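Read the numbers this way: they start at 1 and go in the same order the structure lists the ligands and their atoms. On a predicted model such as this, the values are computed, not experimentally measured, just so you know.
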Amino acid sequence: MARERRGARPLELAAFRQDVVAGLSRPQKSLPPKYFYDAAGSRLFARICRLPEYYVTRAELALTRQHLAAVARFAGRGCQLIEYGSGEGVKSRLLIRALRPVVYVPIDISEDALRAAARALAREFPWLRIAPLAGDFSRPLEIPVRRGTPSVVYFPGSTIGNLTPDEAHAFLSMSRGVAAKMLVGVDLKKDPAALHAAYNDKAGVTAAFNLNLLARINRELGADFDLRRFRHYAFYNPAGGRIEMHLVALAKHTVRLGRHRFHFAAGETIHTENSYKYSPEEFGALAAKAGFTSSRLWTDRRGQFGLFGLRA
Ligand code: AVJ
């Protein structure tokens, strides 16, 4: 799941700036996690996926391999396959090979990532019709699906964990209008110590990934974040059922971004990511509330990660 992001375009840059200023102006400062994935951040994320502590990627790949035939039967061969994420990963390839979709619609916020993924897939699957769509799953999209051919939305990687349960509910309801079937990758609740380790790796790659967000804001928006004044802080919040990632200011200081000044108290944090974990029952209930009447669950052998097959 290598996500490659090159420099942002003018429009993307304006939106980035707006989101950063808005987030840093809140009482609890926050930044949207979608901005982690510039070129450097995408490389760091690829390294996270190979960390011994980060079970997520391996567990999802293992379960996809293990249950591929059943997943393909559920989705149905010859469907229109819509995937959130640029589809550069091994899992997308496994699914495309098993499903032989009539059309494959990868959706991603980065046009560069989309173009690169589409080019690679076109070479590998000459028979595949690819219809990439630039967009962001936080807003409804006009997805060009043909009526009469069943559509399946594939949302792997536990990306849905970045949404609050309310936002996830809205996303699932919206998707139900596009496709009667969904395949959703969900990270499952487990021993908090294992979760803690996955977001606090010994090699410090997750810390570098988190801090790169400030470096990116400096590079692209000309802010003057001093990265030595912030420390990566990630913990499991059991009441919320989520990992929270923050950047903690180590001393009182001020950061500039154009005409803006952002004041930090010692110990104040920027909340950079939520990563929600669900029990099978919790996610099943969320899907039911969003109008999916039946759901199936495939997991890896250790029960760390789940792939839900939802049917409207
Ligand atoms: C890509 C959102 C699934 O939440 O585990 C990894 C991102 N953040 N390590 C996750 C992430 C820190 C990842 N997702």
Side-chain angles (χ1 to χ4, degrees), residues 1-5 30-38 40-64 83-92 107-110 113 117 136-138 154-165 167-168 171 183-192 194-216 230-237 240-248 269-278 283 300 304-308:
M1 184 162 137
R3 314 189 192 181
E4 196 59 34
R5 304 275 197 272
S30 67
L31 291 167
K34 66 180 178 187
Y35 293 117
F36 279 134
Y37 304 96
D38 66 343
S42 299
R43 278 193 297 273
L44 287 165
F45 183 67
R47 282 177 63 195
I48 288 176
C49 292
R50 294 191 295 267
L51 289 169
E53 297 97 331
Y54 195 73
Y55 58 85
V56 176
T57 316
R58 279 186 300 277
E60 187 176 30
L61 183 57
L63 85 84
T64 306
E83 175 172 348
Y84 282 90
S86 55
E88 286 186 274
V90 194
K91 287 167 308 204
S92 312
I107 304 175
D108 201 279
I109 27 165
S110 162
D136 164 353
F137 57 78
S138 64
Y154 183 42
F155 196 38
S158 186
T159 309
I160 200 164
N162 277 165
L163 305 179
T164 65
E167 290 165 345
F171 173 78
L183 291 166
V184 191
V186 178
D187 196 14
L188 299 175
K189 283 203 164 134
K190 57 183 63 65
D191 179 359
L195 289 171
H196 186 91
Y199 294 83
N200 290 280
D201 61 287
K202 287 225 176 72
V205 183
T206 308
F209 174 73
N210 200 3
L211 282 161
N212 176 63
L213 189 47
L214 302 185
R216 180 183 187 182
F230 289 89
R231 185 170 293 157
H232 167 70
Y233 180 51
F235 60 92
Y236 184 63
N237 172 340
R242 61 180 188 242
I243 286 280
E244 291 186 23
M245 292 217 309
H246 293 253
L247 289 163
V248 187
T269 77
I270 309 173
H271 187 180
T272 52
E273 184 171 48
N274 282 323
S275 188
Y276 281 87
K277 314 300 172 186
Y278 291 91
F283 196 80
D300 60 297
Q304 299 190 104
F305 198 91
L307 182 65
F308 282 83

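Which parts of ligand 1 touch Ser275 is read off a 4.0 Å heavy-atom cut-off, strictly below it: atoms 4 (O), 5 (O), 10 (C). Close contacts of ligand 1 with Phe209, meaning ligand atoms under 4.0 Å from a residue heavy atom, involve 8 (N). The ligand atoms of ligand 1 that sit less than 4.0 angstrom from a heavy atom of Gly157 are 3 (C).
Not less than 6.0 angstrom separates the ring centroid of Phe36 from the ring centroid of Phe45. Taking the six-membered ring for Trp, Tyr55 and Phe305 have ring centres at least 6.0 Å apart.
Each of Asn210, Asp38, Val205 was scored for a side-chain contact (heavy atoms from CB on, under 4.5 Å) with Leu44, with one residue passing: Val205.
Legend: residues meeting side-chain contact (heavy atoms from CB on, under 4.5 Å) with Lys189, ordered by chain and number and at least two apart, are Tyr236, Lys277, Glu282. By the ring-ring contact (aromatic ring centres under 6.0 Å, His included) test, His271 pairs with His246, sequence neighbours left out.
Counting only N and O atoms by type, the side chains of Thr159 and Tyr84 include no donor and acceptor under 3.5 Å apart.
If you look at Phe36 next to ligand 1, there are no close heavy atoms at all, none under 4.0 Å.
Ligand 1 has an N or O atom lying under 3.5 Å from an N or O atom of Tyr199, backbone or side chain. Close N/O approach between Thr159 and ligand 1 is not found [any backbone or side-chain N/O within under 3.5 Å]. Ligand 1 has no N or O atom lying under 3.5 Å from any N or O atom of Lys277, backbone or side chain.
A heavy-atom distance below 4.5 Å is found between the side chains of Thr206 and Met245.
Under a 4.0 angstrom heavy-atom cut-off, Asn162 registers as being in contact with ligand 1. Note on ligand 1: Ser158 sits in its first shell, one or more heavy atoms being nearer than 4.0 Å.
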